[in-house]
Asks: 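Pasting a structure below so you can have a look.
For reference, positions follow the sequence shown, starting with 1. Below, each value reflects all heavy atoms present in this structure, side chains not excepted, and no hydrogens, waters or symmetry copies.
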Amino acid sequence: MSKFFFMGKPDIMGKNNSNGFAPKRTAKPGTESHPLTLIVNSVARQSEIEAILEEHSLFASIEVKAEVPEDIRELDFALSKSKPQVFDKVPERNAPCVCGSGKKYKKCCG
């Protein structure tokens, strides 16, 4: 039978389609099941980080190692909230100009 008369969807991906990469989208970092892993230099810094974690109700495993540089990137990522980008609306060509000159936008600033 010709490939032009194939009935159904051809399997282009082969094995990769069924057993491909599947990230854990529901796994939220900072929860009890997926705690953050943080490294600090001193016990005083550990108590500061624990206060921040308690304030934001996050869970983490904190290791105190003086010889290793401090690594709290996961905490910074968990605390940073992404903000949507807001763009100013560009006026239409025949609308009055926003600079207040009284001319049309296309004749003044456009």
Side-chain angles (χ1 to χ4, degrees):
M1 187 165 203
S2 174
K3 64 180 178 180
F4 297 109
F5 299 105
F6 180 76
M7 299 297 287
K9 182 179 175 185
D11 187 17
I12 297 170
M13 296 292 287
K15 293 180 183 178
N16 296 333
N17 196 14
S18 60
N19 298 6
F21 176 71
K24 298 178 183 178
R25 295 184 182 193
T26 58
K28 183 177 178 185
T31 58
E32 288 186 53
S33 58
H34 299 284
L36 304 173
T37 52
L38 307 174
I39 299 173
V40 294
N41 293 334
S42 64
V43 178
R45 181 70 173 147
Q46 180 182 6
S47 62
E48 292 174 12
I49 297 293
E50 287 174 349
I52 294 171
L53 291 171
E54 186 176 327
E55 178 182 338
H56 294 284
S57 65
L58 295 172
F59 294 93
S61 60
I62 304 173
E63 297 180 25
V64 179
K65 295 182 180 179
E67 63 277 353
V68 181
E70 185 173 272
D71 183 20
I72 57 169
R73 288 178 285 172
E74 291 184 16
L75 179 63
D76 294 336
F77 178 72
L79 294 179
S80 66
K81 305 270 189 217
S82 62
K83 297 179 182 177
Q85 292 182 348
V86 179
F87 295 101
D88 294 331
K89 184 179 175 185
V90 177
E92 296 180 10
R93 288 178 45 92
N94 290 323
C97 190
V98 293
C99 70
S101 65
K103 297 180 182 180
K104 291 183 180 180
Y105 179 73
K106 67 180 178 183
K107 295 282 187 176
C108 184
C109 295

Asks: CG/L38 to CZ/R45 distance, rounded to the nearest 0.5 angstrom?
Replies: 9.5 Å
Asks: What pair of heavy atoms forms the shortest contact from N41 to P69, and how long is it?
Replies: OD1-C, 4.0 Å
Asks: Can you name the closest pair of heavy atoms from V40 and I49 and give their distance?
Replies: CG1-CG1, 4.0 Å
Asks: Other than Y105, what residues sit in its cluster of Ile, Leu, Val, Met, Phe, Trp and Tyr side chains whose heavy atoms are under 4.5 Å apart, directly or through others?
Replies: V90
Asks: Rounded to the nearest 0.5 Å, what separates atom OG1 in T31 from atom CG in L36?
Replies: 8.5 Å
Asks: Drop me the distance from I62's CD1 to E48's CD, to the nearest 0.5 angstrom.
Replies: 11.0 Å
Asks: Is it the case that atom NZ in K106 sees more than 12 heavy atoms from other parts of the structure closer than 6.0 Å?
Replies: yes
Asks: Report, as yes or no, whether the 6.0 Å neighbourhood of atom CD on E70 holds more than 12 heavy atoms from other residues, nucleotides or ligands.
Replies: yes
Asks: Quick one: closest heavy-atom pair of V98 and P91, and the distance?
Replies: CG1-CG, 4.1 Å
Asks: Roughly how far apart are L53 CG and L79 CG, rounded to 0.5 Å?
Replies: 8.0 Å
Asks: Looking only at heavy atoms, which two atoms of S61 and P35 are closest? And how far apart?
Replies: N-CB, 4.4 Å
Asks: Looking only at heavy atoms, which two atoms of S47 and A44 are closest? And how far apart?
Replies: OG-O, 2.6 Å
Asks: Do you know the tightest heavy-atom contact between A78 and L58?
Replies: CB-CD1, 4.2 Å
Asks: How many angstroms lie between atom CZ of R73 and atom CD1 of I39, to the nearest 0.5 angstrom?
Replies: 9.0 Å
